[in-house]
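Below is one structure, written out as structure tokens; the observations come after it.
Values reported hereafter were calculated over all heavy atoms of this structure, with side chains retained and with hydrogens, waters and symmetry mates removed.
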Amino acid sequence: MEQPKGWSWQDRAEGSIRRGTALDPSVEPVDSIRAFPTAYLQERLLITQDQENGQEAYDQEIRELREAAGSFGWSLEIETPDALRAADPLVPGVPGFLRARLTTPDEPTRGESPVPPDAWRVLQRARRSSGTPMPRTSLEHVLSIDPVGLNPFSRTNPFSRTNPFSRTNPVRGAGGGAGGSDDYLEPGRGARQPVTWVGPAPRRTADPRRGRRPVVAVLDTGCGVHDWLPDDIVTRHIEIDGTPIGLTDDADPEVYPDLYGQLDGEIDAVAGHGTFIAGIIRQTAPDADILSVRMAGALGVIDESTFLTTVAQVVELLRRHREDPATGHPIDVLNLSLGYYHETPVDGLFSTTLNALLTTARELGCVVVCSAGNDAIDRPSFPASLWPWPGADNGIPRDKDAPHVSVGALNPSARPVALFSNVGPWVQVYAPGAAVVSTSPAFVGGEQASTRADVDGLRRETIDPDDYRGGFATWSGTSFAAPYVAGRIAAQLGAVPPQGVAPDAAAKAVAAVLKSLPSPVTGG
């Protein structure tokens, strides 16, 4: 398969290294804090630039962290703002953040041996020594784009498999399905595979005489080339103050299907993910425009700081447009088909920066739609659970802004919830998300048709399982239930005022869509 020009084994090897490690809650325990497993970057901390309590309190927290790091023989350095776009507050009213990096000296200087640094140990020790929860400081988590079964990070215990990185064939068992959620990973039962589309393309009406088309922003792996997704419908490149938003490097999983790993011809797990989502929005809201921002690579993982920076830039585009439609970019629905699990999700210790950014978007009338996750658990995932759900202990107040919608997946019959879908009171609605049909870039993988028998000069063979040159595929995941709902909401909005939709109008559109969705059958 084609690879970027100049691509080498070094690129493939470096790009294949999984980001993050698993948090062990038993390490450096603090009596008042109950932690759970998550995936995070060991060498980094995120520090919110919250000046509400004064510079002195902020400086004191930095001193506590440095003292805790020093007790292990590590150093803590604050990265310069230039090293992180949007480190200074980009969105008015939303605190910015900086990254702190832990390093080890060449020789032990004090305290413990300078083994590889661990942000969790530093944070917990600082909490213990200071007697405070260190409210401005958090781990830097690893988020994942997660179609069913393809990412080991977002599990309840993300590294509990025997060998999560180098599994020969982690999901596709020989013969009949493996049972349980892995059943969806068998061809014909929900796994990604080519299909034929025989109907017409979604019909797009003329531009509205009043107002403008609704806009759905998708922060994902980008959007590849497809007849349904031309440049006059999908905006693929956008800047803020001359700086591109999202990733712009050559390692684009919507262009090159096999960037990393062994040269076995297998298509990367999330290659085409963003194109598939854009196609769902195209089907459910033919008159909507799409803003596609690439922030994930072929492994489908995203550093939290990259995610927060990208969200901040997109929300600032929205804010500027609301102030003056000639500036910024219109956004009426924001689709986030990704997530992570926070180690302290219910006691107010989770980072509030993301919630503040999404709240700002909703205050401006933008509906936020998030996938619930595909791990068949009821543990709240982020950002899907960032709303005051029944029984929540997250400190998020109810408001009258545009809604935050978390979406689980239904099976094709639209009656039972898909077995892989996360569930719980924090999941507001369920929508089609198993064996969904949508658009795919024209990828061709290394697998071959199982049988070939040419006759009279005709090439005759069974279905090639990874030949997507027909442009369409089936796939499964709450990743695809979310854009179904996002697109339906955009269609319900119809033509919108040039400056955008008021929060109450957005709420009415969401209520109408949620009421129209099928209700999952209950047990019994």
Side-chain angles (χ1 to χ4, degrees), residues 18-20 38-41 43-49 79 83-91 94-101 119 137-146 151 153-154 158 217-222 238 240 243-249 251 253 270 273-274 277 291-318 331 334-343 345 350-362 366 368-373 380-386 404 406 478-479 482:
R18 287 284 182 186
R19 301 285 290 167
T38 189
Y40 70 110
L41 300 177
E43 76 282 3
R44 288 188 196 163
L45 288 163
L46 299 183
I47 303 176
T48 302
Q49 292 184 298
E79 294 188 355
L84 180 68
R85 287 178 295 172
D88 292 323
L90 178 64
V91 182
V94 178
F97 64 93
L98 290 171
R99 286 194 304 226
R101 182 177 294 276
T137 306
S138 65
L139 300 177
E140 177 156 7
H141 301 90
V142 177
L143 291 83
S144 61
I145 303 288
D146 193 19
N151 201 311
F153 287 124
S154 56
V218 179
L219 278 56
D220 208 86
T221 59
I238 194 164
I240 184 167
T243 299
I245 297 178
L247 301 177
T248 59
D249 59 287
V270 299
H273 191 266
I277 287 173
L291 171 61
S292 174
V293 176
R294 178 165 73 92
M295 62 177 180
L299 293 181
V301 295
I302 309 160
D303 296 351
E304 187 176 6
S305 60
T306 299
F307 176 62
L308 291 174
T309 298
T310 306
V311 172
Q313 292 170 322
V314 169
V315 172
E316 177 60 9
L317 283 179
L318 164 65
I331 302 169
L334 174 61
N335 186 89
L336 298 172
S337 290
L338 76 176
Y340 72 102
Y341 299 106
H342 201 285
E343 71 277 5
F350 59 85
S351 172
T352 57
T353 301
L354 176 59
N355 181 56
L357 287 169
L358 298 182
T359 298
T360 299
R362 295 190 299 104
C366 177
V368 176
V369 182
C370 305
S371 61
S381 72
F382 287 62
S385 65
L386 287 175
H404 178 108
S406 52
T478 60
S479 282

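With contacts defined as side-chain heavy-atom distances shorter than 4.5 Å, the pair Leu308/Leu354 qualifies. Leu45 has its side chain within reach of Leu139: a pair of non-hydrogen atoms, C-beta onward, lies under 4.5 Å apart. At a threshold of 4.5 Å between non-hydrogen side-chain atoms, the residues Glu79 and Leu98 do not count as touching. The shortest distance between side-chain heavy atoms of His141 and Glu343 falls below 4.5 Å. The shortest side-chain heavy-atom distance between Ile245 and Thr310 falls under the 4.5 Å cut-off. Using a 4.5 Å heavy-atom cutoff, the side chains of His342 and Ser385 are not in contact.
Smallest separation of non-hydrogen atoms from Pro383 and Gly339: CD-CA, 4.1 Å. The minimum heavy-atom distance between Leu143 and Phe307, with the atom names listed, is CD2-CD2, 3.6 Å. The two atoms that bring Ile47 and Ala100 nearest to each other are CD1-CB, 3.9 Å, heavy atoms only. Of all the heavy atoms in Ile331 and Leu318, the pair that sits closest is O-CD1, 3.3 Å. The shortest heavy-atom contact between Gly297 and Pro253 is C-CG, 3.9 Å. In terms of heavy atoms, Ala482 sits closest to Ser371 at CB-N, 3.9 Å.
When each of Val94, Thr360, Leu386 is checked for a side-chain contact (heavy atoms from CB on, under 4.5 Å) with Asn355, only Leu386 meets the rule. Remark: of the listed residues Arg19, Met295, Arg99, Arg19 is the sole one forming a side-chain contact (heavy atoms from CB on, under 4.5 Å) with Asp303.
The distance from the CD1 atom of Ile240 to the CD atom of Glu316 is 5.0 Å, given to the nearest 0.5 Å. Interatomic distance, CD1 of Ile302 versus OG1 of Thr309, reported as 12.0 Å (0.5 Å rounding). Going from atom OG of Ser292 over to atom CD1 of Ile238 covers 11.0 Å, rounded to the nearest 0.5 Å. Taken to the nearest 0.5 Å, the OG atom of Ser337 stands 3.5 Å off from the CD1 atom of Ile277.
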